[in-house]
Student: 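Before we start, here is the structure in question, set down as structure tokens.
These values consider heavy atoms only, across backbone and side chains, with no hydrogens, waters or symmetry-generated copies. When a ligand or atom number is given, it counts from 1 through the structure's own listing order.
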Amino acid sequence: MFRHSDFVILSSFVIRASSFLLLIFLPALRAAEKVSILGSKPKWSVLEHYQETITRDEFAHLINDVYCTHGFAPDLIEINEKTARILLNRETQKCFTLRFAENDASRRPVPRLWRPAESLPRAKPERPLSGLRIALDPGHLGGKWAKMEERWLHVGDGAPVQEGDLTLGVARLLAPRLRKLGARVFFIRSSNEPVTAKRPDDFQELARKILIKNGVPQPRVDVLDPNDPEKEQTIRWQSEILFYRYSEIRRRAALVNFKLHPDLVLCLHFNAEGWGDPNSPTLLDTNHLHLLVNGSYLQDELEFDDERFEMVRRLLSRAYDEELPLADMVAKAMAKETQLPPYEYPTTLTTTKVGTSGYVYARNLLATRIYRCPVVYCEPYVMNSNDVFARIQAGDYEGMRNVNGVERKSIFSEYADSVADGLADYYSKARGL
Ligand SMILES: [Zn+2]
């Protein structure tokens, strides 16, 4: 059965409680392979390309301190002196054997399509991002989808706040700043329409199966009203989340991995605290900033064959070596410009603080896991804080203006400027400019 209350406490706004319901309580739909929601069968043979590209010490460090910080069942990953054995599938008990490089000098090069800063061609100091391919991923959809996504709030006579529209606005300001610094910039989403061609109705059958498997033998079709306490047990609600989260992010990943081939993806979001009724949301004084990189897999997530495979592939691609210092540098620039304190998760059960800035956490989100390149996921500003709410209502503007008693940039320019500054800092340093 659903145990909603258990998860409300654990989850932050980044991924709502509901997504955990699907992941954790969905037993595999196919018995032989245990594959996560809308996931595909892992292609373990591609890991052959990573033989002897990593030493035992590096592998053990990444497993213990980044990816599997919450532990794992001992039969899933076994680290020996010269090899690691990774279980493909409980049913067949087959394993993939990774051979370690003996030492740093004998490490074979890591095969990958994205380029770390150090392998980019020479650049001029005023164009620290030259040659870099950056894909911008404005989080969520916005527009007519914002209410369905539960990324919509409305106060009095003000315009509704829709996260998907805010993130697209930031991406549009950020792109020219990054191009000026020399980058080639791509939009993973450039309007408030989905990238996926699927719609909620396409997932009704799957939603019904998921609910039945989770102990709702006769799921209701529709939600009664937005405050329906059992809405998460309806086919409507489940098919919508399958559409706007799982199908949408997996389509975005296909775009990233097979078409755009960026060196870096920036996921742009605005954070929030629980706001209650979206038509009469709670406004608070709390405001904060944090960034996420992939890691910190839960034991239950590692039980899925595709998630375990994607984790190992990501580890071996060494995306972390690039995304962590990058996230730290962007975090520092954002902290300096926004003056926001670091967000502290109320629990350490889902995230692990990493890096040196105090603002970066490892967490296993779908986007940070399946985009096959370094991914920096930005979560500044609590949309339902009094100050941020006032700044969003003020919209974008040139220069400085007095908003909520303080003279400052628009919140959108501040976001875009600080991300661009952080990237310029990182690539200038890493390329020795
Ligand atoms: Zn978001």
Side-chain angles (χ1 to χ4, degrees), residues 7-8 10-20 22-23 135-154 160-174 187-196 240-241 243-253 256 265-275 278 281 284 286-294 327 330-331 334 338 340 343 345 350-351 359-361 363-371 375-385 388-389 391-392 411-412 415-416 418-419:
F7 289 93
V8 173
L10 302 184
S11 71
S12 80
F13 196 75
V14 178
I15 284 251
R16 299 278 288 262
S18 41
S19 68
F20 280 99
L22 284 166
L23 271 175
L136 299 180
D137 185 19
H140 314 286
L141 300 171
K144 68 179 183 200
W145 308 102
K147 276 190 183 173
M148 179 194 290
E149 301 179 288
E150 301 181 357
R151 291 298 191 277
W152 183 97
L153 68 145
H154 184 231
V161 172
Q162 310 191 145
E163 188 185 347
D165 295 331
L166 305 182
T167 58
L168 182 58
V170 170
R172 286 180 176 148
L173 293 176
L174 180 54
F187 281 72
I188 296 175
R189 169 173 77 87
S190 55
S191 76
N192 54 24
E193 287 300 317
V195 173
T196 178
E240 286 175 353
I241 202 169
F243 152 70
Y244 69 72
R245 178 157 311 143
Y246 294 91
S247 174
E248 176 64 13
I249 294 177
R250 289 195 182 278
R251 282 314 300 165
R252 291 188 194 191
V256 168
V265 174
L266 292 173
C267 296
L268 304 170
H269 288 257
F270 283 71
N271 210 342
E273 295 279 350
W275 61 49
L284 327 141
T286 319
N287 200 1
H288 46 67
L289 160 71
H290 75 293
L291 283 79
L292 295 155
V293 295
N294 186 251
V330 173
M334 293 185 86
T338 63
L340 291 174
Y343 177 56
Y345 278 85
T350 54
T351 56
Y359 286 88
V360 181
Y361 289 88
R363 188 169 184 186
N364 175 28
L365 301 179
L366 185 55
T368 60
R369 180 173 80 247
I370 66 176
Y371 296 168
V375 180
V376 173
Y377 193 109
C378 305
E379 280 285 359
Y381 306 120
V382 171
M383 289 185 289
N384 58 323
S385 77
V388 171
F389 187 82
R391 297 183 75 188
I392 290 170
I411 195 167
F412 306 99
Y415 194 154
S418 60
V419 172

Student: Out of R250, R251, R252, which residue meets the side-chain hydrogen bond (donor to acceptor under 3.5 Å, both in side chains) rule with E248?
Tutor: R252
Student: Going by side chain to side chain donor-acceptor pair (under 3.5 Å), name the residues that satisfy it together with T196, two or more places apart in sequence or in a different chain.
Tutor: S247
Student: Restricting to N, O or S atoms, which atom of E163 is closest to the Zn ion (ligand 1)?
Tutor: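 Within E163, restricted to N, O or S, the Zn ion (ligand 1) is closest to atom OE2.
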Student: Restricting to N/O/S atoms, is E379 within less than 2.8 Å of the Zn ion (ligand 1) or not?
Tutor: no
Student: List for me each residue that meets ring pair (Phe, Tyr, Trp, His ring centres under 6.0 Å) alongside Y371, sequence neighbours excluded, and say none if there are none.
Tutor: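 For Y371 there are no ring pair (Phe, Tyr, Trp, His ring centres under 6.0 Å) partners, ignoring immediate neighbours.
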Student: Looking only at N, O or S atoms in H140, which is nearest to the Zn ion (ligand 1)?
Tutor: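 For H140, the N/O/S atom sitting closest to the Zn ion (ligand 1) is NE2.
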Student: Mind checking the CG-CD spacing from L168 to Q162? Nearest 0.5 Å is all I need.
Tutor: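 Rounded to the nearest 0.5 Å, the CG-CD separation comes out at 12.0 Å.
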Student: Of all N, O or S atoms in H269, which has the smallest distance to the Zn ion (ligand 1)?
Tutor: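 Within H269, restricted to N, O or S, the Zn ion (ligand 1) is closest to atom ND1.
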